[in-house]
Visitor: 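The structure's right below; bear with me while I get my questions together.
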Number of protein chains: 2
Amino acid sequence: MSTEKPRSSKRRAPPRAPGRPTLDSPDLRPHLIDAALACFVRDGIAGTSLRGIAADAGVTPALLNYYFGSKLALRDAVFEERLMPAVLTLRGHVASAGDDIQALVGSFVRGVLGLVASHPWFPALWVREVLCEGGALRELLLSRIGPELPQMLAARFAEAQRRGQLNANLDPRLMVVSLIGLTLFPAASAPIWRQLFQADLGVDAMANHALALLGHGLDTTHES
Amino acid sequence: MSTEKPRSSKRRAPPRAPGRPTLDSPDLRPHLIDAALACFVRDGIAGTSLRGIAADAGVTPALLNYYFGSKLALRDAVFEERLMPAVLTLRGHVASAGDDIQALVGSFVRGVLGLVASHPWFPALWVREVLCEGGALRELLLSRIGPELPQMLAARFAEAQRRGQLNANLDPRLMVVSLIGLTLFPAASAPIWRQLFQADLGVDAMANHALALLGHGLDTTHES
DNA sequence: CAAGTAATTATACACACGATTAATTTATCC
DNA sequence: GGATAAATTAATCGTGTGTATAATTACTTG
């Protein structure tokens, strides 16, 4: 849409002359990726222009094409070098949880909300580019950790149910959905509730609430 | 992004000559709004061009400006005449629920999933244009039903908690978030799980699962 | 039946976008 | 120290976008 403001947050730096920089200048690549990530999070990948990233990074758009070749390749670099490391630490955190179903759930809940605490940009990017249909990162993410982590969780829930350690009215696959719906979704929608309730429902409160709800539901008979 | 295909799903209709149509032709306005809604759902509001809507509707883009004046006004019309009626029926459904907290929760869960069943486009549009930061419908929706429905729910949960009818470890406001995270969110993410689990987790299964989880959590001691 | 209004297409404008190429400056190598 | 490669900006191209205006046809009213 032509009605979106290009909000240039950077102060007008004195425009640089062309030519290779001197040796003391640092490697621009991570700086460019960080600028791209910030823009992607703020405006979405489709809504971000190379000109906007370049302005935020203090370079010209042509430099982005010099480093990455195309906008698509820049997106891939951001995915590989920023998003994947974040989700891989979550996978490691969950994979090292014990056999007990309560431990597994607790590990997932705290793992997700720890990820959110250390990478505050994650929920918004995940919603826009993975959850949204046609999101620019859905296929990439699903093809990388998609088939692995969720099915491992669903399998563990199904096994616990077979052993009589899990409420038989639950669907093991929907348990995976519920875990995300009680952790990543609240984190992603936090701005809405902050505006609606005029209060900041923190990450720790989310974890406690989710664990209480997963523990015994609305029931009052098992309070700690 | 310029790499998106404009996927013209309509068959090439014989191009019409200019001029006012004859009397037997029906009112185009609802047809235009439906075409716009379909495009907004498929590609997002920012990602939809007036040319795309016009092509799907079998008219020229100038006609859209004749009927609505601008893309922004068209968005408002779609919101007012398609989205609002849907959420208003949900509000009515929930408002007529009894005092019992279980009845309230059941009414909300079935209300949301009934809304999803009758308006399958709702979850995707809600994610993209309300949940996403900068979404084109967030402010509109929050200013219309925002302050009313969620705070009424949170107040009812807080009151039930005061009467000892609700697990004291839960946060009444996060209960509202959890309800949406267990209903609208699973519906919105259904395409992901369909692809991941190679199975269609239907709306009824979602309702049963959510009610079971809300009832007693993972616990096995209270099975029906 | 003439004048005016309503509904539609055709054309065009100014702008933003992604990408390409040329120019320019610095570093590196023989 | 001259040639070549690397890293940067400047300028440009083709395309898609929202919107405005003009042209065209049909209905309505006197």
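For clarity, every value in this text was computed on a predicted model and none was experimentally measured. In what follows, chains are A, B, ... by sequence order, proteins preceding strands, each numbered from 1.
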Visitor: Looking for any heavy atom pair under 4.0 Å, which part of the strands does B/Thr60 touch: base, sugar-phosphate only, or nothing?
Guide: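 Result for B/Thr60 = base.
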Visitor: Tell me: OH of A/Tyr66 to C1' of C/dT25, nearest whole Å?
Guide: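 Between C1' of C/dT25 and OH of A/Tyr66: 13 Å.
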Visitor: Would you give the length of the straight line joining atom CG of A/Asp56 to atom CG of A/Asp34, rounded to the nearest 0.5 angstrom?
Guide: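 Reported value, rounded in 0.5 Å steps: 11.5 Å.
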Visitor: Considering only heavy atoms from C-beta outward, does the side chain of B/Arg75 approach that of B/Leu140 to under 4.5 Å?
Guide: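 Result yes, sub-4.5 Å side-chain heavy-atom pair found.
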Visitor: Please report the distance, rounded to the nearest Å, between CG in A/Leu64 and C1' in D/dA7.
Guide: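 So the CG-C1' distance, A/Leu64 to D/dA7, works out to 13 Å.
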Visitor: Look at the side chain of B/Arg16 and decide which nucleotide, out of C/dT8, D/dT9, D/dT19, has an atom nearest to it.
Guide: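 Closest of the options to the side chain of B/Arg16: C/dT8.
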Visitor: Round to a whole Å and report the spacing from NE2 of A/His31 to P of D/dA7.
Guide: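 Computing the A/His31:NE2 to D/dA7:P distance gives 17 Å.
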Visitor: Report the distance from atom CD1 of B/Ile53 to atom P of D/dG16, rounded to the nearest whole Å.
Guide: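 Distance, rounded to whole Å: 17 Å.
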Visitor: Hey, does B/Phe122 have a side-chain heavy atom less than 4.5 Å from the side chain of B/Leu184?
Guide: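 SC-SC contact between B/Leu184 and B/Phe122 confirmed.
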Visitor: When the distance from NZ of B/Lys71 to C1' of D/dT19 is rounded to whole Å, what number comes out?
Guide: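 About 12 Å, once rounded to whole Å.
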Visitor: Starting at atom CZ of A/Phe68, determine the distance to atom C1' of D/dA7, rounded to an integer number of angstrom.
Guide: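 Going from CZ in A/Phe68 over to C1' in D/dA7 covers 14 Å.
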Visitor: A/Tyr67 has a side chain; which of C/dT9, D/dA5, D/dT8 sits nearest to it?
Guide: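 Closest nucleotide to the A/Tyr67 side chain: D/dT8.
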Visitor: Quick one: label B/Ser25 by what it contacts on the DNA or RNA (base, sugar-phosphate, nothing), any heavy atom closer than 4.0 Å.
Guide: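 Contact class for B/Ser25: none.
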Visitor: Closest-nucleotide mapping onto DNA chain D: is B/Ala62 or B/Leu23 further toward the 5' terminus? I mean the 5' end.
Guide: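 With B/Ala62 and B/Leu23 compared, the 5'-side residue is B/Ala62.
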Visitor: Partners of A/Arg156 by salt bridge (Lys or Arg N to Asp or Glu O under 4.0 Å), sequence neighbours excluded?
Guide: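 By the salt bridge (Lys or Arg N to Asp or Glu O under 4.0 Å) rule, A/Arg156 matches no residue at all.
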Visitor: Rounded to the nearest Å, what distance is computed from the CG atom of residue A/Asn65 to the P atom of nucleotide D/dA10?
Guide: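 For the pair A/Asn65 CG and D/dA10 P, the rounded distance is 16 Å.
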Visitor: Checking only heavy atoms, does the side chain of B/Arg51 share a donor-acceptor pair with the base of D/dG16 at less than 3.5 Å?
Guide: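 No.
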Visitor: How many Å lie between CG on A/Leu74 and C1' on C/dA19, as a whole number?
Guide: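 It is 14 Å, rounded to the nearest whole Å.
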Visitor: How about A/Leu214 and B/Leu213: do any of their side-chain heavy atoms sit closer than 4.5 Å?
Guide: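 In contact.
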Visitor: Checking contacts here: which listed nucleotide (C/dT8, C/dT5, C/dA27) is nearest the side-chain heavy atoms of B/Arg20?
Guide: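 When the side chain of B/Arg20 is considered, C/dT5 is the closest of C/dT8, C/dT5, C/dA27.
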Visitor: What's A/Leu63 touching, base or sugar-phosphate or nothing? Going by heavy atoms closer than 4.0 Å.
Guide: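 Base, at least one base atom sits under 4.0 Å.
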Visitor: Pick the nucleotide of DNA chain D nearest each of B/Leu50 and B/Thr22; which residue has the one closer to the 5' end?
Guide: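 By nearest-heavy-atom nucleotide position, the 5'-most residue is B/Leu50.
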